[in-house]
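This chain uses plain numbering: 1 for the first residue, then up along the sequence.
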Amino acid sequence: MFSKKVATVGSLKIGKDNPVRVQTMWESRIDRSQFGVIKERISRLYRDGLELIRFSVLDEGDVQLLKDLKDELPIPVVADIHFDYKLALSALESGIPKIRINPGNIGAKWKSDEIFALARETGAAVRIGLNSGSLPRKSGSVSSVMVSSALEYIENAEKKGLENLVISLKSSNVDADIEANLKLAELTPYPIHLGVTEAGGPVESSVRSAYALTKLLEHNVGDTIRVSITGSIEDEVLAANEILSVCHLKTGGVRIISCPRCGRHTFDTISMLEKIRNNIHLVTRRDITIAIMGCQVNGPGEARTSDYAVTGLGRKVFIYKKGELYKEVREEDALDELLKVIEDDR
């Protein structure tokens with residue numbers, strides 16, 4: 001959204017006046033026997049706001065699998081390649097719309113030059129992605145080495161006529177991450193992909209990523225984001241969209257309000273929240289607020305200010321619609337009844 005240049009990945013535009021794009025990375029090797037599962041999950045995540053999916057490419061077999069899979073998905077794919085420049089060339093020859101290479105391990109300059117030249121010829125995008133854990137051997141701070149290395153490879157790409165670029169500088173140290181990306185944004189017009197690498201589990205990663213990404217986005221830095229979680233890609237996508245929402249960079253979708261459980265609860269909000277999250281793809285393309293409340297203290301009040309709500313009141317469970325009490329339901333029927341009310345209200 002904030003870069004001066006636009007990168008094109010298939011039909012997806014990144015940077016400049018385009019929205020900040022949400023990415024994730026498939027958590028295992030590509031397996032042909034799992035194509036059905038891959039397509040189903042990614043289609044669901046697309047409905048949840050995912051716009052770009054990256055796959056690890058470790059050998060030529062992975063290139064062929066990704067070639068066969070890419071046209072069956074609703075979003076563009078990215079081939080993530082380390083060490084072997086020939087795999088990058090093969091992916092480009094196979095019509096993969098974007099590849100990611102790491103200057104810290106791709107090898108001699110002539111190898112990346114061949115990649116850049118072929119990407120220019122095929123029209124594919126290249127993400128120049130540097131992580132603090134695999135940097136070229138240079139003197140200086142982590143952030144300075146990341147920036148100088150990125151600028152060097154950008155220059156090399158431009159000499160080969162390639163400007164369809166996305167740049168990412170990621171560190172597990174949030175301060176170095178922020179410093180590097182702020183500096184990079186001053187020095188390059190290309191779209192920047194944001195993330196905190198190796199950020200930890202759902203709690204650690206969400207906190208660290210929200211801290212770093214919010215600071216950068218508030219400085220108009222960042223055109224795509226990924227929240228890297230040691231956990232599910234579903235959590236990554238939900239966390240990324242939540243960050244964009246609180247930064248007022250995303251409209252639409254579902255906003256969930258839910259109370260922490262305490263001794264007054266008469267309704268299992270924890271279980272209900274998990275069920276709603278597992279079914280959120282059914283309603284995500286709606287711009288709505290759902291409240292999940294456990295007792296009478298804040299339940300009715302939050303219900304009245306939400307589009308839809310389910311709340312426990314004493315021994316009973318109630319559905320609210322547009323701020324008004326709609327119907328009493330059995331707790332075991334609450335999810336189905338809530339989804340039905342939302343669906344019927346289209």
Exercise for the section: Give a yes or no on whether a salt bridge exists between Glu337 and Lys340, defined as a side-chain N under 4.0 angstrom from a carboxylate O. Expected result: no

Fill in the blank from the handout: Glu331 meets the side chain to side chain donor-acceptor pair (under 3.5 Å) criterion, sequence neighbours left out, with none

Completion exercise
Residues passing the side chain to side chain donor-acceptor pair (under 3.5 Å) test with Asp336, sequence neighbours excluded, are none

Practice task
Scan residues 166-219 for pairs that pass ring-ring contact (aromatic ring centres under 6.0 Å, His included), counting only residues two or more places apart or in two chains.
Solution key: none

Exercise for the section: List the steps and the verdict of salt bridge (charged side-chain N to carboxylate O under 4.0 Å, His left out) for Asp268 and Lys275. Expected result: CA-CA 11 Å; Asp268 189 355; Lys275 291 174 183 177; over 6 Å; no

Polar side-chain atom of [X] near backbone of [Y] as donor-acceptor pair, under 3.5 Å:
X      : Y      : answer
Asn164 : Thr8   : yes
Ser206 : Pro202 : yes
Asp333 : Val329 : no
Asp307 : Ile288 : no
Ser209 : Val196 : no
Glu236 : Ile229 : yes
Ser94  : Ile96  : no
Glu204 : Gly201 : yes
Asn241 : Asp48  : yes

Exercise for the section: I would like to know whether Ser33 and Asp31 meet side chain to side chain donor-acceptor pair (under 3.5 Å); could you show each step before the answer? Expected result: CA-CA 5 Å; Ser33 68; Asp31 185 336; 2.8 Å; yes

In the single-linkage hydrophobic clustering (I, L, V, M, F, W, Y; side-chain heavy atoms under 4.5 Å), do [X] and [Y] co-cluster?
X      : Y      : answer
Leu66  : Met25  : no
Val317 : Ile256 : yes
Val221 : Val174 : yes
Leu12  : Val78  : yes
Leu194 : Val22  : yes

Count the heavy atoms belonging to other residues, nucleotides or ligands that lie under 6.0 Å from [atom1] of [X], then report whether that count exceeds 12.
X      : atom1 : value
Lys70  : NZ    : yes
Arg41  : CZ    : yes
Glu332 : CD    : yes

Problem - Worked verdict on Lys159 versus Glu155 for salt bridge (charged side-chain N to carboxylate O under 4.0 Å, His left out) - result: CA-CA 6 Å; Lys159 287 179 179 178; Glu155 183 180 1; 3.6 Å; yes

Completion exercise
So the salt bridge (Lys or Arg N to Asp or Glu O under 4.0 Å) pairs with at least one residue in residues 141-151 (sequence neighbours excluded) are none

Problem - Pairs satisfying salt bridge (Lys or Arg N to Asp or Glu O under 4.0 Å), at least one member in residues 4-15, at least two apart - result: Lys5-Glu163

Exercise for the section: With Ile154 as reference, evaluate Leu187, Ile128, Leu162 under the side-chain contact (heavy atoms from CB on, under 4.5 Å) test and give the passing residue. Expected result: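 For Ile154, the side-chain contact (heavy atoms from CB on, under 4.5 Å) check succeeds only for Ile128.
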
Problem - Nearest atoms (heavy-atom pairs only) where Val20 meets Gly222 - result: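 That closest heavy-atom pairing would be CG2-O, 3.8 Å.
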
Do any side-chain atoms of residues 110-118 form donor-acceptor pairs under 3.5 angstrom with protein atoms, and if so which ones, sequence neighbours left out?
residue : atom : partner : partner atom : Å
Ser112  : OG   : Lys109  : O            : 2.9
Asp113  : OD2  : Lys109  : NZ           : 2.6

Side chains of [X] and [Y]: closer than 4.5 Å at any heavy-atom pair?
X      : Y      : value
Ile14  : Leu52  : yes
Ile292 : Ile276 : yes
Thr269 : Met272 : no

Handout entry: Asp68-Gln64 side chain donor-acceptor pair, cut-off 3.5 Å
Key = yes

Practice task
Evaluate the criterion salt bridge (charged side-chain N to carboxylate O under 4.0 Å, His left out) for residue pair Asp177 and Arg208; output intermediate values, then yes/no.
Solution key: CA-CA 11 Å; Asp177 194 292; Arg208 293 167 186 165; over 6 Å; no

